[in-house]
Amino acid sequence: MKVTGKSITNGATITVAIEGSRIAAVTDGGDTDALGGPDVWIAPGFHDLQVNGYGGHDFNAGSWGLDTRVEPAEGFALLQRDLAGHGIALFCPTVITDSVEQMAANLRRIAKAVATDAQLRSGVTGIHLEGPFLSPVEGPRGAHPLEHVRGPDIPLFQRLQDAAEGLIRICTLAPELPGALALIEHLVAAGVVAAIGHTGANAKAIRDAVSAGATLSTHIGNGCHAAIPRHDSYIWEQLACDRLTATLIVDGHHIEPAEARVMVRAKRPERIALISDAVMLAGLPPGRYARGRFEVMPDGHIVLTGTPYLAGASALLDTCIVNAWRWTDMDLAQAVACATEVPARVLDLERKGRIAAGFDADLTLFRIAPDGPMEIIATIVGGRRSDGSDLSDLSESL
Ligand SMILES: [Zn+2]
(Lines give C-alpha, C1' and ligand atoms only; values in the text may rest on other atoms or scores of the structure.)
Protein backbone atom coordinates (compact mmCIF):
# COMPACT_ATOMS: atom_id res chain seq x y z
CA MET A 1 0.00 0.00 0.00
CA LYS A 2 1.06 3.59 -0.67
CA VAL A 3 -0.26 6.82 0.76
CA THR A 4 0.49 10.33 -0.41
CA GLY A 5 -0.07 13.83 0.90
CA LYS A 6 1.51 16.67 2.84
CA SER A 7 3.85 15.72 5.66
CA ILE A 8 2.48 17.06 8.94
CA THR A 9 5.98 17.97 10.07
CA ASN A 10 6.96 20.31 7.21
CA GLY A 11 4.14 20.46 4.64
CA ALA A 12 6.24 18.85 1.90
CA THR A 13 4.46 16.41 -0.42
CA ILE A 14 5.55 12.85 0.36
CA THR A 15 4.63 9.31 -0.59
CA VAL A 16 4.82 6.61 2.05
CA ALA A 17 5.30 3.00 0.93
CA ILE A 18 4.01 0.39 3.37
CA GLU A 19 5.10 -3.25 3.38
CA GLY A 20 3.45 -5.52 5.88
CA SER A 21 3.12 -3.67 9.15
CA ARG A 22 6.06 -1.30 8.61
CA ILE A 23 6.88 1.81 6.64
CA ALA A 24 9.24 0.65 3.88
CA ALA A 25 10.16 4.04 2.44
CA VAL A 26 9.25 7.72 2.48
CA THR A 27 9.92 9.56 -0.77
CA ASP A 28 9.51 13.17 -1.87
CA GLY A 29 6.66 14.01 -4.25
CA GLY A 30 3.16 12.74 -4.92
CA ASP A 31 1.84 9.53 -6.45
CA THR A 32 -1.50 9.61 -8.29
CA ASP A 33 -2.07 5.87 -7.61
CA ALA A 34 -1.67 6.22 -3.87
CA LEU A 35 -4.33 6.75 -1.21
CA GLY A 36 -4.59 10.43 -0.25
CA GLY A 37 -4.03 13.50 -2.39
CA PRO A 38 -2.35 16.89 -2.61
CA ASP A 39 -4.68 18.48 -0.02
CA VAL A 40 -4.42 15.62 2.48
CA TRP A 41 -2.20 15.76 5.57
CA ILE A 42 -0.28 12.63 6.53
CA ALA A 43 0.42 12.25 10.24
CA PRO A 44 1.60 9.41 12.41
CA GLY A 45 -1.46 7.54 13.70
CA PHE A 46 -3.22 9.45 16.47
CA HIS A 47 -2.51 7.80 19.83
CA ASP A 48 -4.88 8.15 22.81
CA LEU A 49 -3.46 7.18 26.21
CA GLN A 50 -6.91 7.06 27.88
CA VAL A 51 -10.03 5.52 26.36
CA ASN A 52 -12.70 3.99 28.61
CA GLY A 53 -15.12 3.14 25.85
CA TYR A 54 -16.97 4.62 22.89
CA GLY A 55 -20.10 4.17 20.79
CA GLY A 56 -21.90 1.89 23.26
CA HIS A 57 -18.87 -0.35 23.86
CA ASP A 58 -17.05 -0.35 27.14
CA PHE A 59 -13.74 -1.58 28.54
CA ASN A 60 -15.38 -1.39 31.99
CA ALA A 61 -18.20 -3.90 31.93
CA GLY A 62 -21.21 -2.76 33.87
CA SER A 63 -19.81 0.58 35.01
CA TRP A 64 -22.79 2.49 33.56
CA GLY A 65 -25.39 -0.01 34.66
CA LEU A 66 -25.91 -0.79 31.00
CA ASP A 67 -25.47 -3.93 29.01
CA THR A 68 -23.61 -3.68 25.77
CA ARG A 69 -25.48 -5.48 23.04
CA VAL A 70 -22.64 -7.52 21.61
CA GLU A 71 -20.02 -9.84 23.06
CA PRO A 72 -17.12 -7.81 24.47
CA ALA A 73 -14.55 -9.21 22.05
CA GLU A 74 -16.68 -8.22 19.07
CA GLY A 75 -17.47 -4.94 20.83
CA PHE A 76 -13.77 -4.13 21.18
CA ALA A 77 -13.27 -4.62 17.45
CA LEU A 78 -16.20 -2.29 16.74
CA LEU A 79 -14.82 0.19 19.26
CA GLN A 80 -11.46 0.12 17.51
CA ARG A 81 -13.15 0.77 14.17
CA ASP A 82 -15.10 3.68 15.62
CA LEU A 83 -11.96 5.23 17.11
CA ALA A 84 -10.19 4.80 13.79
CA GLY A 85 -13.06 6.67 12.14
CA HIS A 86 -11.83 9.63 14.21
CA GLY A 87 -8.19 9.10 13.28
CA ILE A 88 -7.16 7.13 16.37
CA ALA A 89 -4.80 4.37 15.34
CA LEU A 90 -3.32 3.58 18.75
CA PHE A 91 -4.92 3.64 22.17
CA CYS A 92 -4.74 2.52 25.77
CA PRO A 93 -7.93 0.82 26.94
CA THR A 94 -8.55 2.28 30.38
CA VAL A 95 -9.88 0.28 33.31
CA ILE A 96 -11.25 2.38 36.15
CA THR A 97 -12.00 1.78 39.82
CA ASP A 98 -14.44 -1.00 40.57
CA SER A 99 -14.46 -4.04 42.84
CA VAL A 100 -11.16 -5.93 42.55
CA GLU A 101 -12.99 -8.89 41.02
CA GLN A 102 -14.67 -6.69 38.39
CA MET A 103 -11.43 -4.87 37.56
CA ALA A 104 -9.61 -8.19 37.18
CA ALA A 105 -12.40 -9.52 34.96
CA ASN A 106 -12.27 -6.37 32.80
CA LEU A 107 -8.49 -6.66 32.46
CA ARG A 108 -8.72 -10.36 31.57
CA ARG A 109 -11.33 -9.59 28.91
CA ILE A 110 -9.10 -6.97 27.28
CA ALA A 111 -6.04 -9.22 27.44
CA LYS A 112 -7.97 -12.06 25.83
CA ALA A 113 -9.30 -9.84 23.05
CA VAL A 114 -5.81 -8.49 22.33
CA ALA A 115 -4.39 -12.03 22.27
CA THR A 116 -6.98 -13.24 19.76
CA ASP A 117 -7.45 -10.22 17.47
CA ALA A 118 -4.39 -9.19 15.46
CA GLN A 119 -5.80 -5.79 14.52
CA LEU A 120 -6.56 -5.00 18.15
CA ARG A 121 -3.03 -6.13 19.03
CA SER A 122 -1.66 -3.63 16.49
CA GLY A 123 -3.75 -0.81 17.95
CA VAL A 124 -3.52 -1.36 21.71
CA THR A 125 -0.27 0.05 23.08
CA GLY A 126 -0.99 -0.96 26.67
CA ILE A 127 -3.70 -0.80 29.29
CA HIS A 128 -4.12 2.30 31.45
CA LEU A 129 -5.10 1.35 35.00
CA GLU A 130 -6.86 4.37 36.52
CA GLY A 131 -7.64 3.21 40.04
CA PRO A 132 -8.25 1.89 42.58
CA PHE A 133 -5.29 3.67 44.28
CA LEU A 134 -6.91 7.11 44.14
CA SER A 135 -7.87 9.84 46.59
CA PRO A 136 -11.11 9.04 48.47
CA VAL A 137 -11.79 12.79 48.82
CA GLU A 138 -14.78 14.29 47.01
CA GLY A 139 -13.49 16.29 44.04
CA PRO A 140 -10.10 14.62 43.49
CA ARG A 141 -11.87 11.25 43.36
CA GLY A 142 -14.01 12.42 40.45
CA ALA A 143 -16.53 9.78 39.38
CA HIS A 144 -14.58 6.82 40.80
CA PRO A 145 -16.84 4.95 43.28
CA LEU A 146 -15.87 5.65 46.91
CA GLU A 147 -16.60 2.11 48.08
CA HIS A 148 -13.93 0.72 45.76
CA VAL A 149 -11.01 3.19 46.04
CA ARG A 150 -8.13 1.70 48.04
CA GLY A 151 -4.70 2.49 49.38
CA PRO A 152 -1.67 1.65 47.22
CA ASP A 153 -1.00 -2.07 47.43
CA ILE A 154 1.83 -3.71 45.48
CA PRO A 155 0.45 -7.29 45.70
CA LEU A 156 -2.95 -6.04 44.51
CA PHE A 157 -1.34 -4.19 41.60
CA GLN A 158 0.51 -7.38 40.74
CA ARG A 159 -2.73 -9.37 40.86
CA LEU A 160 -4.31 -6.90 38.41
CA GLN A 161 -1.21 -6.93 36.20
CA ASP A 162 -1.37 -10.76 36.12
CA ALA A 163 -5.06 -10.58 35.12
CA ALA A 164 -3.99 -8.19 32.33
CA GLU A 165 -1.25 -10.62 31.26
CA GLY A 166 1.30 -7.88 31.71
CA LEU A 167 -0.46 -5.37 29.44
CA ILE A 168 -0.78 -2.57 32.03
CA ARG A 169 1.61 0.19 30.90
CA ILE A 170 0.23 3.20 32.83
CA CYS A 171 -1.02 3.30 36.41
CA THR A 172 -2.64 6.51 37.67
CA LEU A 173 -2.48 6.92 41.45
CA ALA A 174 -2.69 9.53 44.20
CA PRO A 175 0.86 9.99 45.56
CA GLU A 176 -0.18 11.33 48.97
CA LEU A 177 -1.64 7.98 50.04
CA PRO A 178 0.43 5.78 52.41
CA GLY A 179 2.45 3.31 50.37
CA ALA A 180 2.25 5.33 47.16
CA LEU A 181 5.99 5.97 46.84
CA ALA A 182 6.80 2.26 47.19
CA LEU A 183 4.18 1.47 44.54
CA ILE A 184 5.64 4.12 42.20
CA GLU A 185 9.12 2.58 42.59
CA HIS A 186 7.64 -0.87 41.93
CA LEU A 187 5.84 0.36 38.80
CA VAL A 188 8.90 2.07 37.38
CA ALA A 189 11.07 -1.01 38.00
CA ALA A 190 8.46 -3.07 36.14
CA GLY A 191 8.40 -0.71 33.12
CA VAL A 192 5.00 0.76 33.97
CA VAL A 193 4.50 4.53 33.71
CA ALA A 194 3.59 5.94 37.14
CA ALA A 195 1.05 8.72 36.64
CA ILE A 196 -0.16 11.28 39.16
CA GLY A 197 -3.91 11.83 39.12
CA HIS A 198 -7.15 11.98 41.10
CA THR A 199 -4.98 13.44 43.83
CA GLY A 200 -5.30 15.96 46.63
CA ALA A 201 -1.54 15.97 47.28
CA ASN A 202 0.33 18.97 48.58
CA ALA A 203 3.29 20.23 46.58
CA LYS A 204 5.84 18.22 48.58
CA ALA A 205 3.98 14.95 47.93
CA ILE A 206 4.08 15.75 44.19
CA ARG A 207 7.85 16.36 44.40
CA ASP A 208 8.33 13.10 46.32
CA ALA A 209 6.36 11.21 43.67
CA VAL A 210 8.59 12.63 40.95
CA SER A 211 11.70 11.67 42.93
CA ALA A 212 10.29 8.13 43.23
CA GLY A 213 9.92 7.98 39.43
CA ALA A 214 6.50 9.36 38.43
CA THR A 215 6.67 10.79 34.89
CA LEU A 216 3.08 11.58 33.93
CA SER A 217 0.25 13.82 35.16
CA THR A 218 -3.15 12.37 34.28
CA HIS A 219 -5.71 14.86 32.86
CA ILE A 220 -4.23 17.78 34.77
CA GLY A 221 -6.96 20.22 35.81
CA ASN A 222 -9.56 17.45 36.17
CA GLY A 223 -10.11 15.08 39.09
CA CYS A 224 -9.45 18.09 41.35
CA HIS A 225 -11.01 20.03 44.19
CA ALA A 226 -13.40 22.77 43.05
CA ALA A 227 -11.19 25.26 44.94
CA ILE A 228 -7.49 24.81 45.73
CA PRO A 229 -4.92 26.77 47.78
CA ARG A 230 -3.34 29.50 45.72
CA HIS A 231 0.26 28.64 46.72
CA ASP A 232 0.65 25.01 47.84
CA SER A 233 -1.10 23.55 44.83
CA TYR A 234 -0.77 20.19 43.11
CA ILE A 235 -1.56 21.94 39.84
CA TRP A 236 1.27 24.51 40.04
CA GLU A 237 3.76 21.86 41.16
CA GLN A 238 2.95 19.53 38.29
CA LEU A 239 2.90 22.35 35.72
CA ALA A 240 6.29 23.56 36.96
CA CYS A 241 7.96 20.13 36.92
CA ASP A 242 9.79 19.42 33.67
CA ARG A 243 10.10 15.73 34.52
CA LEU A 244 6.31 15.33 34.19
CA THR A 245 4.46 15.11 30.90
CA ALA A 246 0.81 16.10 31.33
CA THR A 247 -2.23 14.66 29.64
CA LEU A 248 -4.99 17.13 28.80
CA ILE A 249 -8.64 16.77 27.79
CA VAL A 250 -9.07 19.72 25.41
CA ASP A 251 -12.69 18.98 24.58
CA GLY A 252 -14.07 22.39 25.55
CA HIS A 253 -15.90 20.96 28.57
CA HIS A 254 -13.24 19.54 30.93
CA ILE A 255 -10.94 22.57 30.85
CA GLU A 256 -11.49 26.07 29.54
CA PRO A 257 -9.61 27.31 26.46
CA ALA A 258 -7.59 29.70 28.65
CA GLU A 259 -6.57 26.83 30.95
CA ALA A 260 -5.41 24.83 27.96
CA ARG A 261 -3.41 27.81 26.68
CA VAL A 262 -1.70 28.40 30.02
CA MET A 263 -0.98 24.71 30.58
CA VAL A 264 0.59 24.32 27.14
CA ARG A 265 2.75 27.40 27.79
CA ALA A 266 3.84 26.01 31.15
CA LYS A 267 4.59 22.46 30.04
CA ARG A 268 5.64 23.33 26.46
CA PRO A 269 4.19 21.25 23.60
CA GLU A 270 6.80 18.49 23.98
CA ARG A 271 5.38 17.63 27.41
CA ILE A 272 1.66 17.69 26.53
CA ALA A 273 -0.21 14.51 25.52
CA LEU A 274 -3.77 15.04 24.31
CA ILE A 275 -6.24 12.41 25.48
CA SER A 276 -9.97 11.91 25.00
CA ASP A 277 -10.86 9.99 28.21
CA ALA A 278 -13.92 8.97 26.16
CA VAL A 279 -16.62 6.84 27.76
CA MET A 280 -19.05 4.32 26.31
CA LEU A 281 -21.89 6.82 25.78
CA ALA A 282 -19.57 8.98 23.67
CA GLY A 283 -20.50 9.02 20.02
CA LEU A 284 -24.09 7.92 20.59
CA PRO A 285 -26.96 10.01 19.22
CA PRO A 286 -28.43 12.69 21.53
CA GLY A 287 -30.94 11.33 24.01
CA ARG A 288 -31.30 9.75 27.45
CA TYR A 289 -29.67 6.46 28.35
CA ALA A 290 -29.56 4.02 31.27
CA ARG A 291 -33.22 4.49 32.13
CA GLY A 292 -32.81 8.24 31.90
CA ARG A 293 -29.83 8.61 34.24
CA PHE A 294 -27.49 10.05 31.59
CA GLU A 295 -28.14 12.37 28.70
CA VAL A 296 -26.11 12.83 25.53
CA MET A 297 -26.65 16.49 24.62
CA PRO A 298 -27.09 17.78 21.04
CA ASP A 299 -23.42 18.89 20.92
CA GLY A 300 -22.35 15.41 22.06
CA HIS A 301 -21.28 16.14 25.63
CA ILE A 302 -22.62 13.82 28.32
CA VAL A 303 -24.29 14.94 31.56
CA LEU A 304 -26.11 13.47 34.54
CA THR A 305 -29.66 14.10 33.39
CA GLY A 306 -31.07 17.38 34.61
CA THR A 307 -27.73 18.67 35.91
CA PRO A 308 -24.75 20.51 34.42
CA TYR A 309 -22.35 17.79 35.73
CA LEU A 310 -20.25 16.01 33.16
CA ALA A 311 -20.66 12.24 33.15
CA GLY A 312 -17.60 11.49 31.05
CA ALA A 313 -15.85 12.77 27.98
CA SER A 314 -17.09 12.40 24.45
CA ALA A 315 -14.84 14.30 22.02
CA LEU A 316 -12.11 12.21 20.40
CA LEU A 317 -8.62 13.26 19.38
CA ASP A 318 -9.69 14.66 16.01
CA THR A 319 -11.69 17.31 17.90
CA CYS A 320 -9.15 17.75 20.73
CA ILE A 321 -6.24 18.31 18.30
CA VAL A 322 -8.19 21.00 16.45
CA ASN A 323 -9.19 22.67 19.74
CA ALA A 324 -5.58 22.59 20.99
CA TRP A 325 -4.40 24.12 17.71
CA ARG A 326 -6.99 26.92 17.78
CA TRP A 327 -6.93 27.68 21.53
CA THR A 328 -3.21 27.58 22.30
CA ASP A 329 0.01 28.92 20.79
CA MET A 330 0.68 25.62 19.05
CA ASP A 331 0.65 25.29 15.27
CA LEU A 332 -1.13 22.32 13.69
CA ALA A 333 2.04 20.19 13.55
CA GLN A 334 2.71 20.75 17.24
CA ALA A 335 -0.90 19.94 18.20
CA VAL A 336 -0.72 16.73 16.15
CA ALA A 337 2.62 15.85 17.78
CA CYS A 338 0.87 16.04 21.17
CA ALA A 339 -1.29 13.14 19.97
CA THR A 340 1.46 11.18 18.18
CA GLU A 341 5.11 11.81 19.11
CA VAL A 342 4.50 12.66 22.75
CA PRO A 343 2.38 9.60 23.65
CA ALA A 344 4.92 7.34 21.90
CA ARG A 345 7.63 8.94 24.06
CA VAL A 346 5.53 8.55 27.23
CA LEU A 347 5.30 4.80 26.60
CA ASP A 348 8.89 4.61 25.28
CA LEU A 349 7.77 3.07 21.97
CA GLU A 350 10.73 3.28 19.64
CA ARG A 351 8.96 2.48 16.37
CA LYS A 352 5.91 4.72 16.81
CA GLY A 353 5.13 8.42 16.61
CA ARG A 354 7.10 9.27 13.47
CA ILE A 355 6.82 8.72 9.73
CA ALA A 356 10.11 7.16 8.68
CA ALA A 357 11.35 3.95 7.08
CA GLY A 358 11.39 1.14 9.62
CA PHE A 359 8.69 2.68 11.82
CA ASP A 360 5.34 0.93 12.33
CA ALA A 361 2.83 1.80 9.60
CA ASP A 362 0.36 3.60 11.85
CA LEU A 363 -0.86 6.63 9.92
CA THR A 364 -3.73 9.10 10.00
CA LEU A 365 -4.70 10.95 6.81
CA PHE A 366 -6.92 13.99 7.19
CA ARG A 367 -8.09 17.23 5.64
CA ILE A 368 -8.86 20.41 7.48
CA ALA A 369 -10.22 23.79 6.42
CA PRO A 370 -9.09 26.86 8.40
CA ASP A 371 -12.36 27.07 10.37
CA GLY A 372 -13.80 23.61 9.82
CA PRO A 373 -13.62 20.31 11.67
CA MET A 374 -11.00 17.69 10.87
CA GLU A 375 -12.09 15.27 8.15
CA ILE A 376 -10.49 11.85 8.54
CA ILE A 377 -9.59 10.33 5.17
CA ALA A 378 -8.06 7.08 6.40
CA THR A 379 -6.59 5.52 9.52
CA ILE A 380 -3.96 2.85 9.02
CA VAL A 381 -3.01 0.57 11.90
CA GLY A 382 -0.10 -1.83 11.51
CA GLY A 383 -0.28 -1.46 7.73
CA ARG A 384 -4.06 -2.07 7.46
CA ARG A 385 -6.96 0.36 7.17
CA SER A 386 -9.01 0.31 10.34
CA ASP A 387 -11.61 3.06 9.90
CA GLY A 388 -15.30 3.18 9.00
CA SER A 389 -18.37 2.94 11.19
CA ASP A 390 -22.04 3.67 11.49
CA LEU A 391 -23.48 4.32 14.93
CA SER A 392 -26.89 5.48 13.78
CA ASP A 393 -28.71 2.30 14.83
CA LEU A 394 -27.45 2.13 18.42
CA SER A 395 -29.74 4.62 20.19
CA GLU A 396 -32.66 2.18 20.51
CA SER A 397 -30.73 -0.63 22.07
CA LEU A 398 -29.11 0.92 25.16
ZN1 LIG B 1 -9.80 10.26 35.56
Side-chain angles (χ1 to χ4, degrees), residues 48-54 58-60 63-64 91-98 102-103 106-107 110 126-150 152 157 160 168-177 180 183-184 187 192-201 206 209 214-226 228 234-235 238-239 244-255 259-260 263 272-282 294 301-304 309-317 320 343 346:
D48 192 335
L49 297 176
Q50 194 162 347
V51 181
N52 307 280
Y54 188 80
D58 200 349
F59 292 121
N60 295 276
S63 64
W64 294 81
F91 57 99
C92 294
T94 299
V95 169
I96 62 166
T97 307
D98 205 321
Q102 186 66 59
M103 291 182 80
N106 292 340
L107 292 163
I110 296 166
I127 294 172
H128 184 157
L129 185 70
E130 195 194 37
F133 315 120
L134 306 178
S135 170
V137 175
E138 191 76 26
R141 180 166 49 82
H144 291 256
L146 179 60
E147 65 268 36
H148 296 310
V149 296
R150 290 163 162 259
F157 170 78
L160 296 172
I168 296 170
R169 287 297 320 280
I170 303 174
C171 177
T172 293
L173 58 93
E176 71 275 24
L177 300 175
L183 178 58
I184 291 171
L187 294 170
V192 177
V193 174
I196 297 168
H198 290 280
T199 174
I206 299 290
T215 51
L216 194 66
S217 300
T218 289
H219 53 50
I220 194 165
N222 293 112
C224 293
H225 295 92
I228 54 177
Y234 46 81
I235 293 186
Q238 291 180 83
L239 287 178
L244 291 170
T245 294
T247 70
L248 276 190
I249 311 171
V250 192
D251 63 352
H253 301 290
H254 281 73
I255 55 174
E259 286 179 88
M263 287 173 177
I272 293 285
L274 300 176
I275 58 166
S276 71
D277 203 6
V279 297
M280 69 103 83
L281 292 180
F294 305 106
H301 85 277
I302 303 162
V303 295
L304 278 171
Y309 299 119
L310 294 177
S314 58
L316 295 181
L317 289 184
C320 296
V346 166

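Counting starts at 1 for both ligands and their atoms, following the listed order. These figures come from a predicted structure and were not determined experimentally.
Counting backbone and side-chain atoms alike, Asp277 contributes no N/O/S atom closer than 2.8 Å to the Zn ion (ligand 1). The Zn ion (ligand 1) has an N, O or S atom of His219 inside 2.8 Å of it.
Using modelled atom types, one side-chain atom of Thr247 and one backbone atom of His219 make a donor-acceptor pair closer than 3.5 Å. Of the possible donor and acceptor atoms, one in the side chain of His128 sits under 3.5 Å from a partner among the backbone N and O of Leu49. At least one donor-acceptor pair under 3.5 Å links the side chain of Asn52 to the backbone N or O of Ala278.
For Glu130, the N/O/S atom at the shortest distance from the Zn ion (ligand 1) is named OE2.
Classified by interplanar angle (parallel below 30°, tilted 30° to 60°, perpendicular above 60°), the ring pair Tyr234/His225 is tilted.
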